[in-house]
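Notes to accompany the following structure.
Below, each value reflects all heavy atoms present in this structure, side chains not excepted, and no hydrogens, waters or symmetry copies. By convention in this document, chain letters (A, B, ...) are assigned in the order of the sequence lines, proteins followed by strands, and residues within each chain are numbered from 1. Because the structure is a prediction, the values reported are computed rather than measured.
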Protein chains: 2
Amino acid sequence: MPDPELSTTPTPTTPPAPISPPADTPGRPYHHGQLRTALLEAAERTLRTQGASELSLRELARELGVSHAAPRRHFPDRQSLLDALAITGFHRLTIQLNAALATAPPDDFPARLKATVAAYVTFATQDAALLDLMFTTKHRPGATEVAAAAVPAFTQLQDLMLQGQSTAHLPAGNLEPSALVLFATMQGIATLINGAWVDPTLLETLTTTAVTQFLRGAAPHPA
Amino acid sequence: MPDPELSTTPTPTTPPAPISPPADTPGRPYHHGQLRTALLEAAERTLRTQGASELSLRELARELGVSHAAPRRHFPDRQSLLDALAITGFHRLTIQLNAALATAPPDDFPARLKATVAAYVTFATQDAALLDLMFTTKHRPGATEVAAAAVPAFTQLQDLMLQGQSTAHLPAGNLEPSALVLFATMQGIATLINGAWVDPTLLETLTTTAVTQFLRGAAPHPA
DNA sequence: CAACAATGTAGCCACCGACAACAAAGTCGT
DNA sequence: ACGACTTTGTTGTCGGTGGCTACATTGTTG
């Protein structure tokens, strides 16, 4: 407390004003009410603009005009906030993959594959830091919730592969390796673009090439 | 200045013993002599065991029995240490790719490709955090030295592709997209394993599948 | 209306990276 | 050999951060 009395001449005439903190949002009624949501939104913004390493709980608290310890009520530590971000990230990814599938004819496997890959890479490049978080957070021991949130997105890809088998675009049998290789390729393309190893304008070309080569490379052997 | 005159009391009776610091390595002669190298080695160890985010300059200094500001003489800030690590990482990668190529017959393109991919993925999984550093550091504006260090490794892959064209395993023309897709696949496989999305025992299967599918998918069109 | 839970605040601690001022050792010209 | 200069290491400090505890305010519920 640098100025215990000089501040505002104690303002004995302001009982209606909840003295509270000198937050930039002066009218806030002590309890923020939506702190958790607000934190996640602000964090996602910072994540996109500054990256995960720059994300500071105290800075978030300042942005929201709340004390530095307030976030702790909703996220016991920094990592759990990051986990929450990863989880919502997986939800968003699942939704976007679904939406992409809906734009392709239901029985056109190559088109559906292309749409899925494009949607994934688009998501991955628009939210690079988030994707990184989603992937690196997962392997942390004890991140069961994050892992669970990832399941639907994977199921979606798996179902698509099953469709490919049913339409004979893909061979019968265990295609787990093939599917994983395709997934790895998507992930890798995103990494290349996010790391500025290739020009972003190549995104379209790369996804097309990847899908085309995958369809040719994984197709059932004619011989 | 806590003690302007008590400091030295010229210590006329201890010329042989270099008072120096009470470091845990008592015999160290004030100047470490190999601090830069030692820092890099220790940092690489911590990087492998703890990850980049856990790497602390002060902790490194403590490990080496040196004051907390000593590292600054060799690395102006934390990032420049990370850059140095990334650079040596690229050197190591280049060497290992070279070694892998040497184990395959000079004119067996598929074998050489397989060996290269395997070597890359092996490197990437043994030094996950380092690989991440090498990739994420690169896009940082102004990291010209890191980018330069990456060139030889890429040249090596490029040369291999040219060989593939000369042996007709790959079609003539611009194969940059194909090569990038393969590179993305390697990178992605590493990511999948490092993030524990797939079991490490699948590494061999995945690289084989990736190479096989690539050779079939990128092969010159017969029609 | 009185416990109680939920939510926010204030203050502290240890750690970190960056910086500046100082000290010791090596180097090099004379 | 000796003194100036450079290199390398040390100490001290500052602001920032995450995590913790104690406390204050508000909402809820019996």
Using only side-chain N and O atoms of [X], determine if any of them is under 4.0 Å from OP1 or OP2 of [N].
X	N	result
Arg72(A)	dG8(C)	no
Arg62(B)	dC16(C)	yes
Arg58(A)	dG18(D)	no
Ser56(A)	dG16(D)	no
His74(B)	dT7(D)	no

Between [X] ([atom1]) and [N] ([atom2]), how many Å, whole number?
X	N	atom1	atom2	answer
His68(B)	dC19(C)	NE2	P	13 Å
Glu59(A)	dG15(D)	CD	P	17 Å
Leu39(A)	dT7(C)	CG	P	12 Å
Glu54(A)	dT17(D)	CD	C1'	12 Å
Leu57(A)	dG8(C)	CG	C1'	15 Å
Leu35(B)	dA24(C)	CG	P	18 Å
Leu60(B)	dG17(C)	CG	C1'	13 Å
Leu82(A)	dT17(D)	CG	C1'	14 Å

Go through dG17(C), dT10(D), dG8(C) for me and flag the one nearest to the Arg78(B) side chain.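 Among the listed nucleotides, the one closest to the side chain of Arg78(B) is dG17(C).
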Is there a donor on the side chain of Arg73(A) or the base of dG8(C) sitting less than 3.5 Å from an acceptor on the other?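 By the distance-only test, yes, there is a pair.
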Passing candidate, side chain to side chain contact (heavy atoms under 4.5 Å, CB included) with Leu40(B), options Leu60(B), Leu35(B), Leu85(B):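 When side chain to side chain contact (heavy atoms under 4.5 Å, CB included) is applied between Leu40(B) and each of Leu60(B), Leu35(B), Leu85(B), only Leu85(B) qualifies.
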Report the relative orientation of the aromatic rings in Phe154(B) and Phe183(B); use parallel for angles under 30°, tilted for 30 to 60°, perpendicular for over 60°.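 Ring orientation of Phe154(B) relative to Phe183(B): perpendicular.
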Between Arg48(B) and Glu44(B), is the closest basic N to carboxylate O distance under 4.0 Å?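 Salt bridge: yes.
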Looking at Gln79(A), I'd like to know if its CD atom is crowded, meaning that more than 12 non-hydrogen atoms belonging to other residues, nucleotides or ligands lie closer than 6.0 Å.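 Count over threshold, so yes.
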